[in-house]
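Keep in mind the model is a prediction, meaning the values are calculated, not measured. Lettering follows sequence order; numbering is per chain, from 1. Heavy atoms only: backbone and side chains are in, while hydrogens, waters and symmetry mates are out.
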Protein chains: 2
Amino acid sequence: MSTETKKYTDKQELIAKFSNALGHPVRVAILQQLSKQSCCFHGDMAEVLPIANSTLSQHLKVLREAGLIQGEIDPPKTKYCINKDNWHLAKGVMIGFFD
Amino acid sequence: MSTETKKYTDKQELIAKFSNALGHPVRVAILQQLSKQSCCFHGDMAEVLPIANSTLSQHLKVLREAGLIQGEIDPPKTKYCINKDNWHLAKGVMIGFFD
DNA sequence: TAATTAGTTCGTAAATGTACGAACAGTATA
DNA sequence: TATACTGTTCGTACATTTACGAACTAATTA
């Protein structure tokens, strides 16, 4: 058992985590696209986004680690989808935050 | 007139800007407090938050520059309030973003 | 087996974020 | 005028983020 006292509540951490994931316009653009058509290949996004392929992979990783999307290999492509459970969780905590 | 093409839409930039401001738990805590009681002195926040005074000033500046709060000097104290117009704008764009 | 396709990971550079204490500035009080 | 009170700004250190191209991996096709 840790002797550290927690600095912030779980809800505060959660809001910050989701917000952080939305804190770059390219990630907002990615999520807008995915929420519009539910799924999308890396390559399709790479075509329209103004960043290098490797940078896109990094941003997708950030979104994955925040739980907002999930990836699935569909050789030779990679398909990304919204993680609906966490999307709804995020929607709920953000709306709750703003009252 | 600039020759640069815009990389992201205004809405994407706006969502990212507000989200960025919410991207640290201490800033979430500050906003929760302010939205609960509408106004609050720096000193009152400093008492309950686990950060140095100067660090608090930095976070307040981030929130001010994102437009979410506004400060007013009420000597010898500084009073911070939610910026209601932008708060509602943020609420609107975030809810719109999540559908 | 060699080549191709699609993405990821690595290495790296530059910028930004977070944190602290020290020094400072403005107002009020002794 | 000196002191105290409240916050901000400065200087600094360290960590994280963002970006790119190069190198790599895995699966398919020639």
Side-chain angles (χ1 to χ4, degrees), chain A residues 4-8 12-13 15-31 33-34 37 39-81, chain B residues 4-8 12-31 33-34 39-81:
Chain A
E4 293 180 45
T5 52
K6 228 165 150 301
K7 291 185 173 178
Y8 306 103
Q12 285 162 350
E13 301 272 12
I15 292 168
K17 185 183 78 169
F18 287 137
S19 296
N20 232 331
L22 302 184
H24 191 294
V26 81
R27 293 198 292 265
V28 173
I30 290 166
L31 290 171
Q33 185 63 22
L34 287 180
Q37 62 183 62
C39 279
C40 196
F41 293 107
H42 175 120
D44 299 333
M45 298 190 264
E47 272 179 18
V48 297
L49 296 173
I51 54 174
N53 231 293
S54 54
T55 307
L56 175 55
S57 271
Q58 282 182 325
H59 284 293
L60 290 168
K61 187 178 182 184
V62 171
L63 291 172
R64 224 184 318 114
E65 288 178 350
L68 291 172
I69 66 171
Q70 56 205 88
E72 181 187 336
I73 297 174
D74 183 3
K77 302 191 174 187
T78 310
K79 190 173 69 172
Y80 283 97
C81 307
Chain B
E4 292 179 44
T5 53
K6 229 165 148 298
K7 291 185 173 179
Y8 306 102
Q12 285 162 352
E13 300 273 12
L14 193 61
I15 291 168
K17 185 184 77 169
F18 287 138
S19 296
N20 230 333
L22 303 184
H24 190 294
V26 80
R27 294 197 292 267
V28 173
I30 290 166
L31 289 171
Q33 185 63 24
L34 287 179
C39 278
C40 196
F41 293 107
H42 176 120
D44 298 333
M45 297 190 264
E47 272 178 19
V48 297
L49 297 173
I51 54 174
N53 231 293
S54 54
T55 307
L56 175 55
S57 272
Q58 282 183 326
H59 284 294
L60 290 167
K61 187 178 182 184
V62 170
L63 292 172
R64 224 186 315 114
E65 287 177 350
L68 291 172
I69 66 171
Q70 56 205 88
E72 181 186 336
I73 296 173
D74 183 3
K77 301 192 174 188
T78 310
K79 188 173 70 173
Y80 282 98
C81 308

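- Distance CG (B:Leu60) to P (D:dT8): 7 Å, rounded to an integer number of Å.
- Separating the CD atom of A:Glu72 from the P atom of D:dA27 is a distance of 14 Å, rounded to the nearest angstrom.
- What separates NE2 of A:His42 from C1' of C:dG7 is a distance of 6 Å, to the nearest Å.
- Residues B:Lys17 and B:Leu14 meet the side-chain proximity criterion, which asks for heavy atoms closer than 4.5 Å.
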Distance-only donor-acceptor hits, side chain of residues 39-55 of chain B, under 3.5 Å, sequence neighbours excluded:
unit_1	atom_1	unit_2	atom_2	d
B:His42	NE2	B:Asn53	OD1	2.5

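- Ring geometry for A:His24 against B:Tyr8 counts as perpendicular: the plane angle is over 60°, on a 0 to 90° scale with 30° as the lower cut.
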**Request:** Going 5' to 3' through nucleotides 12-30 of chain C, assign each nucleotide B (protein heavy atom under 4.0 Å from a base atom), S (under 4.0 Å only from sugar-phosphate atoms) or - (no protein heavy atom that close).
**Result:** ------SBBBB----S---

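- The distance from atom NZ of B:Lys79 to atom P of D:dG7 is 13 Å, rounded to the nearest whole Å.
- Residue A:Tyr80 places no side-chain N or O under 4.0 Å from the OP1 or OP2 atom of C:dA6.
- Distance, B:Glu47 CD to D:dG7 C1': 14 Å, rounded to whole Å.
- Atom CG of B:Leu34 and atom CG of B:Leu63 lie 8.0 Å apart (nearest 0.5 Å).
- Between the side chain of B:Arg27 and the backbone N or O of B:Asn20 there is at least one donor-acceptor pair closer than 3.5 Å.
- Going from atom NZ of A:Lys61 over to atom C1' of C:dT9 covers 8 Å, rounded to whole Å.
- Summarising the geometry, the separation between CD1 on B:Ile69 and C1' on D:dG7 is reported as 13 Å, rounded to the nearest angstrom.
- One finds the CD1 atom of A:Ile30 at 4.5 Å from the CG atom of A:Leu60 (value rounded to the nearest 0.5 Å).
- Regarding B:Leu56, its CG atom lies at a distance of 7 Å from the P atom of D:dT8, rounded to whole Å.
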